[in-house]
There are 2 protein chains.
Amino acid sequence: MQKTNTSASSERDEADPHGPDDREFVNSLARGLSVIRAFSREAPEMTLSEVAARTGLTRAAARRFLLTLDRLGYVCTDGRRFRLAPKILDLGFAYLSSMDLWDVAMPYMEQVSAEVHESCSASVIEGCDIVYVARVPTTRIMSVALNLGARLPAFATSMGRVLLAHLPDAKARERLLTCPRRALTARTVTDADRLWEILLDVRAKGWCLVDQELEEGLRSIAVPLRNQRGRVLAAMNVSGHASRITPDEMIARYLPVLRRAAEQIARALPG
Amino acid sequence: MQKTNTSASSERDEADPHGPDDREFVNSLARGLSVIRAFSREAPEMTLSEVAARTGLTRAAARRFLLTLDRLGYVCTDGRRFRLAPKILDLGFAYLSSMDLWDVAMPYMEQVSAEVHESCSASVIEGCDIVYVARVPTTRIMSVALNLGARLPAFATSMGRVLLAHLPDAKARERLLTCPRRALTARTVTDADRLWEILLDVRAKGWCLVDQELEEGLRSIAVPLRNQRGRVLAAMNVSGHASRITPDEMIARYLPVLRRAAEQIARALPG
DNA sequence: GCACTTGTGTTCGTTTTTTGCACGCGGGAG
DNA sequence: CTCCCGCGTGCAAAAAACGAACACAAGTGC
């Protein structure tokens, strides 16, 4: 879902830049994972050779990995074409399960969504992107479907700015400067200095509203999710269509709901 | 989220039963993936040695895999403890993106959810389990959180029975007989012959209602999701709390909504 | 119909990487 | 202090990767 895959996020991408020749780096694993990632909306189903071409592996290597993944149940094949099997979700599931936060947060997010009649989402920051880790959708307002694992550029999203604002100064600055900041609408703020000011403001206020900077007609407001000790673990937001709600109304009506939910989540979290 | 991990689903589990000695099987990949899966709710954060113990790998091997995954950004570490990084979701994301179905289905599922004020989910079958692939939650009614990738035993769920019913006879029978069928509530039907009758009925009717067989107080009704050519790709359901709705009401009010959505999804699907 | 190109998937020996084991190190608890 | 547990490292043995063949099919031009 969603093609965006925005920023150049990951510093080191897998594939096979003929690995760090470290003896501590298992190339087979990196290559196997790159085979999994070779599948996409554009190529949901591939022959052995197509996989080889996409990953840069030899056909022989691609074959070994595909057969291995098939044996393990992560891909399936009709003999000629290969496609990913649902078991792949087990891997991400391991991640989601390993975080109590989402489990704890979901009921409160459902409550938020029910109260404001808009989608409520949670995300974490990774590199230049935010990654969606939980979501309670209502009727679609965005042009793209945002599902778990989806990425959006941090600098242009309400959750991204909240997360950036709660990074240590040096890190936040560095990300602002190094991450690509393509304007996504006419309103997108891309100037690093201006963004820095915004982050300082967000940090002081404890919330962030973004008005049609990510997508025309889309407004969203986000708050940090903290654990009991006050450390920011993620961000949570609510978005609404510009035709349905003004920024002031969002602050008046949505912010209190978000803040209350965030507090309840913090209290409900262990540790 | 959700511990269930029910049935013994996967025929061949990974780990390291010292692999099929085939030259076509890449042990390193299987082992690397088993390292990812070693993380769970119970062990969200582990030292190198703990990972080694959990996976049955030597510490040296575990170390190499963890360092590799760290380099690739799939795990992160504070130097001592390792945990999964959100990038892991990219893997499952590759799967979800590779299926148009979910993208197409989501808006209709949101509509269903809005119309009946209950959660609407979609799943596929894999072995003895159904795997959740899309979900529009409303306020929580189940005791467990069902998220993407979550598994439930097929025989005891409405979606599972729909999916089993649309398998070829031989396959459906075989799964009924070989899959574990532990009773989950007092009402759970576990008798294979009785289940077979139910499946035939589901196949004939084109929908399935399950009343508190999975969990006390939980009723759900499911229909198949087909492509334009009529092939069953997944199942979609709506569930409700027993105190809020009777089975007859579910059939009267929810079924038409589900059926209409399923038809719209079929029409909206390519090929 | 025929040789021919092109793109498959598969096999095999050789080179290269990965592995497991044994050993050494260091820091916290008893 | 010393024991124990967790971590890092060197090396022979095992494995995986590579590349180059081979087999096969479908389409191509003649």
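Computed from heavy atoms alone, side chains included, the values below leave out hydrogens, waters and symmetry copies. In the text below, chain A, chain B and the rest are named by the order of the sequence lines, each starting its count at 1.
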(Q) I want to check one thing: is the phosphate of C:dT17, taken as OP1 and OP2, less than 4.0 Å away from some side-chain N or O of A:S28? (A) no
Q: Could you tell me which residues satisfy salt bridge (charged side-chain N to carboxylate O under 4.0 Å, His left out) with A:R64, sequence neighbours excluded, listed by chain and number?
A: none
Q. In whole angstroms, how far is the P atom of D:dA16 from the CZ atom of A:F25?
A. 17 Å
(Q) Going by side-chain hydrogen bond (donor to acceptor under 3.5 Å, both in side chains), name the residues that satisfy it together with B:R175, two or more places apart in sequence or in a different chain. (A) none
Q.
Could you work out, with salt bridge (charged side-chain N to carboxylate O under 4.0 Å, His left out) as the rule, every residue matching A:R63, not counting sequence neighbours?
A. B:E24
**Q.** Flag side-chain contact, heavy atom, 4.5 Å: A:L91 against B:R37
**A.** yes
Please list, one pair per line, the donor and acceptor atoms closer than 3.5 Å that link side chains of residues 167-174 of chain B to other protein atoms, with sequence neighbours excluded.
from: B:D169; atom 1: OD1; to: B:R203; atom 2: NH1; distance (Å): 2.7
from: B:D169; atom 1: OD1; to: B:R203; atom 2: NH2; distance (Å): 2.9

Q. What does nucleotides 7-16 of chain C look like as a protein-contact string, B for base, S for sugar-phosphate only, - for none, at under 4.0 angstrom between heavy atoms?
A. -BBSBBB---
**Q.** Global bending angle along the helix from C:dG1-D:dC30 to C:dG30-D:dC1, which compares the axes of five pairs at either end, to 10 degrees
**A.** 30°
Q) D:dC18 phosphate, OP1 or OP2: any side-chain N/O from A:R31 under 4.0 angstrom? A) yes
Q: State which residues pass side chain to side chain contact (heavy atoms under 4.5 Å, CB included) with A:R181; sequence neighbours excluded, sorted by chain then number.
A: A:F155, A:T190, A:A192, A:L195
Q) For the pair made of CZ in B:F65 and P in D:dA16, what is the distance, rounded to whole Å? A) 10 Å
Q.
My understanding is that only residues two or more places apart in sequence, or in another chain, count here; which of them pass side chain to side chain contact (heavy atoms under 4.5 Å, CB included) with B:A105?
A. B:L101, B:M109, B:I265
Q. Nearest-Å distance, CD (B:E45) to P (D:dG6)?
A. 15 Å
**Q.** Length of the line joining A:L29:CG and D:dA17:P, which is rounded to integer Å
**A.** 11 Å
Q | For A:R81, all residues meeting salt bridge (charged side-chain N to carboxylate O under 4.0 Å, His left out), sequence neighbours excluded | A | A:E45, A:E50
Q | B:N27 CG to D:dA17 P, straight-line distance once rounded to whole Å | A | 10 Å
